[in-house]
Protein chains: 2
Amino acid sequence: MLNPVHLRTLVEVVKTGSFAEAARRLGYTSSAVSQQISAFERAVGVTLFEREAHSIRPASAALLIADRGGELLAAFDGFEHEVKAMVQGLRGRLRIGTFPTASSRVVPKALAKLSADLPDAEILLDEAEPEDVLPLVLTGELDLALVYAYDLVPRTWPEELTVVPLLEESLLVMVPADHSAAKNNVKLEDLKDERWIASRDGTSGATCLTRLCAASGFAPRIAFRSNDYEVVQSLVAAGVGVALVPALGYKALPGTHAMPLRHKPLRRHVHVVHRTANTNPLLRDAVNALREVCENAVGGYINPP
Amino acid sequence: MLNPVHLRTLVEVVKTGSFAEAARRLGYTSSAVSQQISAFERAVGVTLFEREAHSIRPASAALLIADRGGELLAAFDGFEHEVKAMVQGLRGRLRIGTFPTASSRVVPKALAKLSADLPDAEILLDEAEPEDVLPLVLTGELDLALVYAYDLVPRTWPEELTVVPLLEESLLVMVPADHSAAKNNVKLEDLKDERWIASRDGTSGATCLTRLCAASGFAPRIAFRSNDYEVVQSLVAAGVGVALVPALGYKALPGTHAMPLRHKPLRRHVHVVHRTANTNPLLRDAVNALREVCENAVGGYINPP
DNA sequence: GTTGAGCATCAGGTCAGCTTATGCTCGACC
DNA sequence: GGTCGAGCATAAGCTGACCTGATGCTCAAC
């Protein structure tokens, strides 16, 4: 194999027209350059520079070699930069914020995929409600967050964020299995006297429930609040009350019955958000992994069971 | 710079899926391959293969690097072959300088032959008078030049040049067809009152005319100057004056009459010159082609028509 | 349990290639 | 025309990269 180091020196010699100058630019002594060029000439079997006491004259072969060789070396340099960039992408750190429901269903699969592809990437996961997580994305403490938004409680996104829709999910009404409303064409008004198990106050899940009931002419009696849908469903199973549960959180606990609302097909949307200006190279991969996992969930829809 | 030898080994390892097999194919010991891969990993700062006792598993980074790297190495191999071919003289670049008359008569045939023999050679042609072309040969900007010299205006060649005679040509006197001197035994004195069309001032063609006329006891009245003998002859045909034209430039335009000088058979010599030290392998082929073409012109003589 | 294949690691030797020193040539400049 | 400096070549010596060979580990196959 032609020695690429020698080739680089040759290109520099042709460019500068002098062994000494090439040596200065490349950090060699002129002796080294002289030896390298001699070695290269020996390798190709042709005199590439005619030497005079004070100067050299490149033969046409040298010009041709320098020409093509220069391109090649540039390509090689480019490759090296690519590799460097890639390595930085592979070993970077990505901080993800996510709401609890997503972290048990969507996120694990996506992270598994991500860390299989990028075994050296460091991925940190924080769990919190969108209201808490978004400020962290804005301040840069998180690179990326999964957030949800209810149809009835639309969010406004700060302009500096990129928002990528991941999936839509139905909202299910859950009642105890022995409840009289455990049939599929339930109307919300039928449940106006029930006690409700809702999300924590201030979450958009709770707001959604309030607005929904308001539209049907009543205010729900909130018996208990939890942001953990497993807890919510256990309470339903225990007969404490009824609840509105997004499909992602649905667990099919014995003693519960889930059904869509008859006349108001309600939806919750899940998005990934990140600052548009964030240049973390892992970002793209993470978003792609999330989208891929979610698309496998029936084209981005999670439907009632 | 990433070590290309290591890169080649990496590509082979990815291809074969094994250090040991790559080592066998590349003529190394497996120890060497192991060390090379370790060094490469150290260089890029990432683990490229997960090691198990009996096997390796390439990380995705290794696959990416091997992919692009393979292309690069292939390009480099291609380059090496190009260089080899060029060195053998199949390829390469030859820069030729020639005076206008030669470039329309002698050179095309020789170049046709040359490029038939060496279809990949790149041949560059520059047209200029010997006075301009010789310095370019000396500085190495041209590999080879065709020059002419008049008997009456001999040239001295710099010592570092090799000069190969190509052909000799007669000088013809051209007069308008209806001129009283349009007979074959004209003497120069008969034309001393004519107006002359000469080559540009400073060319040896012009000097030759001056000296020739001086030998016959007069100074020519120069009506017009051009280095393009086609233009010169058109002017003669138009009755502007008479001219001295080398046989190579003779065009037999209607309205002109050409004849040799009766008592002074004048000649112009055409040579190829190149620096003796020039090692361009195409040089020899080019000179041979030129000689061959010129010898076919009646043993190196171009005679009056 | 034994064997063999694959990989890592260590020690040792070789060689490419660098620097340093020296010499030559030639242009520039007094 | 002598001196000086810059550019190139060459010799000598040293260093570091890298290969081989030896050794050891692990695991699969028999």
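Lettering follows sequence order; numbering is per chain, from 1.
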- Message: If you take the centroid of each ring, where Trp contributes its six-membered ring, are Phe76(A) and Phe76(B) closer together than 6.0 Å?
- Response: no
- Note on the structure: Those residues at least two apart in sequence (or on a different chain) that pass ring pair (Phe, Tyr, Trp, His ring centres under 6.0 Å) with His271(B) are Trp157(B)
- salt bridge (charged side-chain N to carboxylate O under 4.0 Å, His left out) against Arg57(A), all qualifying residues, sequence neighbours excluded: Glu50(A), Glu52(A)
- Rounded distance in Å - CZ (Arg42(B)) to P (dA8(C)): 12 Å
- Task: Give the angle between the helix axes at the two ends of the helix from dG1(C)-dC30(D) to dC30(C)-dG1(D), taking five base pairs at each end and rounding to 10°.
- Result: 20°
- Does Arg51(B) put a side-chain nitrogen or oxygen below 4.0 Å from OP1 or OP2 of dG6(C)? no
Using nucleotides 24-30 of chain C, report all nitrogen or oxygen pairs with the protein that are shorter than 3.5 Å.
unit_1: dC26(C); atom_1: O2; unit_2: His54(A); atom_2: NE2; d: 2.4

- The complete set of salt bridge (charged side-chain N to carboxylate O under 4.0 Å, His left out) pairs with one or both residues in residues 60-69 of chain B, sequence neighbours excluded, reads Glu82(A)-Arg68(B), Arg68(B)-Glu71(B)
- Message: Under 4.0 Å from a heavy atom of chain B: give me the 5'-most and 3'-most nucleotides of DNA chain D that qualify.
- Response: dC18(D) to dC27(D)
- Pairs involving residues 132-145 of chain B, ordered by first then second residue, that meet salt bridge (charged side-chain N to carboxylate O under 4.0 Å, His left out) (sequence neighbours left out): Arg95(B)-Asp143(B)
- Whether Glu21(A) side chain and Thr16(A) backbone form a donor-acceptor pair below 3.5 Å: no
- Mind jotting down which residue pairs meet the salt bridge (charged side-chain N to carboxylate O under 4.0 Å, His left out) criterion with at least one end in residues 28-41 of chain A? Sequence neighbours excluded, please. Glu41(A)-Arg51(A)
- Query: Taking Asp201(B) for the side chain and Ala206(B) for the main chain, is one N or O donor matched with an acceptor at less than 3.5 Å?
  - Reply: no
- Item | Rounded interatomic separation in angstrom, taking OH from Tyr28(B) and P from dA8(C) | 16 Å
- Message: I'd like to know if the side chain of Arg268(B) reaches the main chain of Pro246(B), judged simply by a donor and an acceptor atom lying under 3.5 Å from each other, with no hydrogens or angles considered.
- Response: no
- Message: Holding to side-chain hydrogen bond (donor to acceptor under 3.5 Å, both in side chains), I want the full list of residues that pass it with Thr9(B), two or more places apart in sequence or in another chain.
- Response: Gln36(B)
- Item | Residue pairs, two or more places apart or on separate chains, that pass salt bridge (charged side-chain N to carboxylate O under 4.0 Å, His left out) and touch residues 150-167 of chain B | Glu131(B)-Arg155(B)
- Query: By a strict heavy-atom criterion of less than 4.0 Å, which residues belonging to residues 13-22 of chain B are in contact with DNA chain C?
  - Reply: Ser18(B), Phe19(B), Ala20(B)
- In numerical order, the residues of residues 31-41 of chain B whose heavy atoms come under 4.0 Å of DNA chain C are Ser31(B), Ser34(B), Gln35(B)
- Any chance the side chains of Thr203(B) and Glu129(B) put a donor and an acceptor closer than 3.5 Å? no
- Item | Main-chain N/O of Ser226(B) paired with Arg200(B) side-chain donor or acceptor, under 3.5 Å | no
- N/O donor-acceptor pair under 3.5 Å between Ser34(A) side chain and Ser30(A) backbone: no
- Please confirm whether the backbone N or O of Ala32(B) pairs with a side-chain atom of Thr29(B), one donor and one acceptor, at under 3.5 Å? yes
